[in-house]
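Heads up, the thing below is written out as structure tokens.
First the proteins, then the strands, lettered A, B, ... as listed; each starts at 1.
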Number of protein chains: 2
Amino acid sequence: MPATSPAREKCRTCRLHSLCLPRELPQGDTSELARIVQTRRPMKRGTYVLQAGGHFQSIFAVRTGSVKTSTLLPSGDEHISGFHLPGEILGLDAIASRSHPSTSVTLETSHVCEIPFTELEHLSERIPALQRQLLRIMSRELSTEQSTTHLLARRSAEQRLAMVLLDFSQRFANRGLSARHFRLPMSRSDLANYLGLAPETMSRTFRRLEARGLLSIAGKAVVILDPIALAELVDGASGGS
Amino acid sequence: MPATSPAREKCRTCRLHSLCLPRELPQGDTSELARIVQTRRPMKRGTYVLQAGGHFQSIFAVRTGSVKTSTLLPSGDEHISGFHLPGEILGLDAIASRSHPSTSVTLETSHVCEIPFTELEHLSERIPALQRQLLRIMSRELSTEQSTTHLLARRSAEQRLAMVLLDFSQRFANRGLSARHFRLPMSRSDLANYLGLAPETMSRTFRRLEARGLLSIAGKAVVILDPIALAELVDGASGGS
DNA sequence: CGGTACATTGACGGGTCTCAACTCGAGTGG
DNA sequence: CCACTCGAGTTGAGACCCGTCAATGTACCG
């Protein structure tokens, strides 16, 4: 048995190590971080990780499974602002207001790590590399959000769908999974909602891209057949067949 | 003459003090911050504050005037991701990649403060309150971006316009200006671009809201006549008549 | 006063939403 | 083993909003 306790190992031995908070942290600092991280029992599909309006206390890291984040609009319907895969952080949008502006729910059975924010702040005062990583993560989220905004402003249904599929492809690849075959964790309506489309339009658009041989879809299973053509579609190049 | 030099005063005496980085910082720390802040000569309309692709070195704070931030899409056209008023910070989306993902240009003659990021990081290691404020600012931007995303997904031209006008109204009010009468700093096409609409649609939508007595517009001068009706419009409440 | 870029207005076409019916698959119980 | 139920997903028809194209009007600046 090594000198470090199992609890101190959990971040270092986590396979998401290099995507999550401990990225580029020396081993000793990673152990310190692991001490304040609370792992929890797996959450069943549909469990709330955090709820809109709730007091901000911790940020969360997805360890396995997937999570969707949404906001309830005053008009009564929800808007889904993002889907989170293992290694991604939830709750960073609550730091300023000290209360969560959005709600996060598991899309399947998932493990989520809780990181009490006050302790994280104190720790990052002593570990500048941790502070830098925190800023980097938030900065990355900012540019991702901006891309999403570009996507929704003025792009066709085909472009939106192509773009979100390539996005997932990339993110799965970053996690060591296939970039060409994967399973979408969310329902069609959730995906449509996220893209600002009607579910019917999604369905038709899937069909059209399938008919053109760009991809193949069966239920939630996606196969990317022509990533280059999809990328050209996103870029707005009117690549006529 | 006080013991502190004029350079050390500049943040403390800045009227945007409470909106900007020094917010809630004790006076001594504000002076330390002021030492690394570089004020510059006023920039004429159309001057680049930072350029996409450029190496990330500093973040910037708008002191007077206004700035627009945009991205050049691969398809060739630009998408405007935001407008910045005095007290707001530019360049935070470049921390992760160390290079600017977007371009920022002044919309009118403006003063901009430059804050070298490495020095800011070092300073915030010594001043935890500064680090907290930095995180707060980024967190606030994250939730703002998310609202923008909600706005663009699935909202009508009327709702988008109403929402951006109320947003500006609020931000002007926060700066001690009138929430009902103000001047939009950007062109119609820029506003249309930001909202993901055609300029023609913007124009027609302005007309329609004017005809209903919700606002009055002459060139860039806006008068909000019925803020409540505008807010109901944004919320999607189909407020009769 | 002339030029240029920006803003408005109108007519038209197309993409997407809405409403509705239908299909399909999973889970359940007979 | 099969019928039933329920919800998600799909498919079709029609309407509407908004983008495009083109012309006109207007403000700004030399």
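Atom P of nucleotide C:dG27 and atom CZ of A:R45 are separated by 11 Å, given to the nearest angstrom. For the pair A:L195 CG and C:dG15 P, the interatomic distance rounds to 18 Å; values are reported in whole Å. Rounded to an integer number of Å, the gap from B:R208 CZ to C:dT8 C1' is 14 Å. We find that CE of B:M202 is positioned 17 Å from P of D:dC17, with the value rounded to whole Å. Between the CD1 atom of B:I217 and the P atom of C:dT9 there is a distance of 12 Å, rounded to whole Å. Here D:dG19 presents its P atom at 14 Å from CD of A:Q159, a figure rounded to the nearest Å. B:R155 places its CZ atom 13 Å from the P atom of D:dC18, with the value rounded to the nearest Å. The interatomic distance linking B:L152 (CG) with D:dC17 (C1') rounds to 16 Å, in whole Å.
In this structure, the nucleotide among C:dG10, C:dT16, D:dC18 sitting nearest to the side chain of B:R204 is C:dG10. Closest to the B:A157 side chain, of the nucleotides D:dC18, C:dT18, D:dT10, is D:dC18. Of the candidate nucleotides D:dT20, D:dT11, C:dT18, C:dT18 has the atom nearest to the side chain of B:R154.
Side-chain N/O atoms of B:S81 and A:H150 include no donor and acceptor closer than 3.5 Å.
Near DNA chain C, defined here as any heavy-atom distance below 4.0 Å, the residues from residues 184-193 of chain B are B:S187, B:R188, B:S189, listed numerically.
The salt bridge (charged side-chain N to carboxylate O under 4.0 Å, His left out) check on B:R175 picks up B:E88, with sequence neighbours excluded. Scored by the side chain to side chain contact (heavy atoms under 4.5 Å, CB included) test, A:I89 finds A:C20, A:L21, A:I59, A:A61, A:L92, A:I137 as partners (sequence neighbours excluded). Contacts of B:D77 classified as side chain to side chain donor-acceptor pair (under 3.5 Å), with partners at least two apart in sequence or in another chain: B:S75. Every residue two or more places apart in sequence or in another chain was checked for a side chain to side chain donor-acceptor pair (under 3.5 Å) with A:R63, and none qualifies. Evaluation of the side chain to side chain contact (heavy atoms under 4.5 Å, CB included) rule for B:R180 yields B:S178, B:P227 as partners, not counting sequence neighbours. Under the side chain to side chain contact (heavy atoms under 4.5 Å, CB included) criterion, A:A179 pairs with A:S169, A:A173, sequence neighbours left out.
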| query | For nucleotides 21-26 of chain C, read 5' to 3', which letter fits each nucleotide if B means a protein heavy atom sits under 4.0 Å from the base, S means only the sugar-phosphate is that close, and - means neither? | reply | ------
| task | Treat primed atoms plus P, OP1 and OP2 as sugar-phosphate and everything else as base, then score nucleotides 22-30 of chain D 5' to 3': B for base contact with protein heavy atoms under 4.0 Å, S for sugar-phosphate contact only, - for none. | result | B--------
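A sub-4.0 Å separation between OP1 or OP2 of D:dG9 and a side-chain N or O of A:S203 is absent. Phosphate contact (OP1/OP2 of D:dC18, side-chain N/O of B:T201, threshold under 4.0 Å): absent. Contact annotation: A:R207 side-chain N/O to D:dT11 OP1/OP2 distance is under 4.0 Å.
Judged as a salt bridge (charged side-chain N to carboxylate O under 4.0 Å, His left out), not a single pair has a partner in residues 46-60 of chain B (not counting sequence neighbours). Applying the ring pair (Phe, Tyr, Trp, His ring centres under 6.0 Å) rule to pairs touching residues 196-217 of chain B yields nothing, sequence neighbours excluded.
Where the helix from C:dC1-D:dG30 to C:dG30-D:dC1 starts and where it ends, the local axes point in directions that differ by 30°; five pairs per end, rounded to 10°.
By the neighbour-count criterion of 12 heavy atoms within 6.0 Å, atom CD of A:E108 is densely surrounded, having more than that number from other residues, nucleotides or ligands.
Here the side chains of A:P116 and A:Q38 are in contact, with some heavy-atom distance below 4.5 Å. Side-chain contact between A:R207 and A:M202 is absent, with no heavy-atom pair separated by less than 4.5 Å.
A salt bridge links B:R212 with B:E158; the closest basic N to acidic carboxylate O contact falls under 4.0 Å.
Aromatic ring orientation, B:F168 versus B:F83: tilted (interplanar angle from 30° to 60°).
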